[in-house]
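Below is one structure, written out as structure tokens; the observations come after it.
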Amino acid sequence: MKKRLTFLLTISISFVFLSCDPLDQKYDQDNYSKVIEDHADSVSRSAFNRATVENDINDVRNEEFTYQELIEQGKILQKKEQTNKNVAR
């Protein structure tokens, strides 16, 4: 019984550590370049940069968001810009 409990506990802890995604951490101005470089593809990096610039322009603190939230914000902004370019043609 004790071996089973130890085994299950070990498996559970392993899943917890494997499921921790660095992009789910809050934005950190000092370390963001390392996190984005190591864990995001080029599309996500572009979206992340777009969101952080937009937030800086609008005086919104990036520290209130996770990296993933910033990437999603950037993708939305890029999609809106693409739509506006298509309408303007």
Side-chain angles (χ1 to χ4, degrees):
M1 181 72 172
K2 188 174 180 181
K3 287 182 180 182
R4 280 186 180 174
L5 184 59
T6 304
F7 177 74
L8 289 175
L9 185 60
T10 303
I11 295 294
S12 298
I13 291 172
S14 298
F15 281 122
V16 168
F17 285 118
L18 290 175
S19 66
C20 293
D21 185 2
L23 295 178
D24 290 332
Q25 297 174 0
K26 289 286 187 177
Y27 171 85
D28 180 6
Q29 187 173 0
D30 297 329
N31 298 321
Y32 76 90
S33 61
K34 181 76 172 144
V35 173
I36 291 297
E37 180 182 315
D38 290 346
H39 302 284
D41 61 12
S42 62
V43 173
S44 295
R45 285 185 206 131
S46 175
F48 172 82
N49 290 332
R50 179 67 183 92
T52 56
V53 168
E54 184 73 18
N55 287 345
D56 287 342
I57 290 170
N58 294 317
D59 292 326
V60 176
R61 292 178 39 91
N62 290 315
E63 290 81 0
E64 296 176 8
F65 303 100
T66 66
Y67 295 103
Q68 191 62 47
E69 289 171 334
L70 290 167
I71 289 169
E72 294 304 319
Q73 286 177 16
K75 287 180 179 179
I76 291 168
L77 290 168
Q78 288 174 333
K79 198 175 282 189
K80 284 182 184 177
E81 288 174 354
Q82 188 64 34
T83 303
N84 289 341
K85 286 181 183 178
N86 290 339
V87 170
R89 290 183 183 172

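FYI, side chains are in, hydrogens and waters are out, and symmetry mates aren't considered; it's all heavy atoms of this structure.
In this structure, Y27 OH and I36 CD1 are separated by 9.5 Å, a value rounded to the nearest 0.5 Å. Note that OG of S33 is 10.5 Å distant from CG of N49, once rounded to the nearest 0.5 Å. A distance of 6.5 Å separates CG of D24 from CD of Q68, quoted to the nearest 0.5 Å. Separation of atoms NZ (K79) and CG (L77) is listed at 11.5 Å; rounding is to 0.5 Å. Rounded to the nearest 0.5 angstrom, D28 CG and T66 OG1 are separated by 13.0 Å. Atom CD of Q73 is separated from atom CD of E69 by 7.5 Å, given to the nearest 0.5 angstrom.
Enclosure of atom CZ in F65 by more than 12 non-hydrogen atoms of other residues, nucleotides or ligands within 6.0 angstrom is indicated.
For the pair G74 and A51, the tightest heavy-atom approach, listed with the atom from each and the gap, is N-CB, 3.5 Å. Counting all heavy atoms, side chain and backbone alike, I71 lies closest to S44 at CG1-O, 3.7 Å. In terms of heavy atoms, E63 sits closest to Q29 at OE2-OE1, 3.7 Å. Summarising the geometry of V35 relative to P22, their closest heavy-atom pair is CG1-O, 4.1 Å, with the distance given to 0.1 Å. Between S46 and Q78 the shortest heavy-atom distance is OG-NE2, 2.9 Å.
At distances below 3.5 Å, at least one donor-acceptor pair connects side-chain atoms of T52 with backbone N or O atoms of F48. A side-chain donor-acceptor contact under 3.5 Å links D21 to the backbone of L23.
Looking at D30, D38, N31 one by one, the single match for side-chain hydrogen bond (donor to acceptor under 3.5 Å, both in side chains) with K34 turns out to be D38.
V60 and L70 fall within the same hydrophobic cluster, where Ile, Leu, Val, Met, Phe, Trp and Tyr residues are linked whenever their side-chain heavy atoms come under 4.5 Å apart, directly or through other members.
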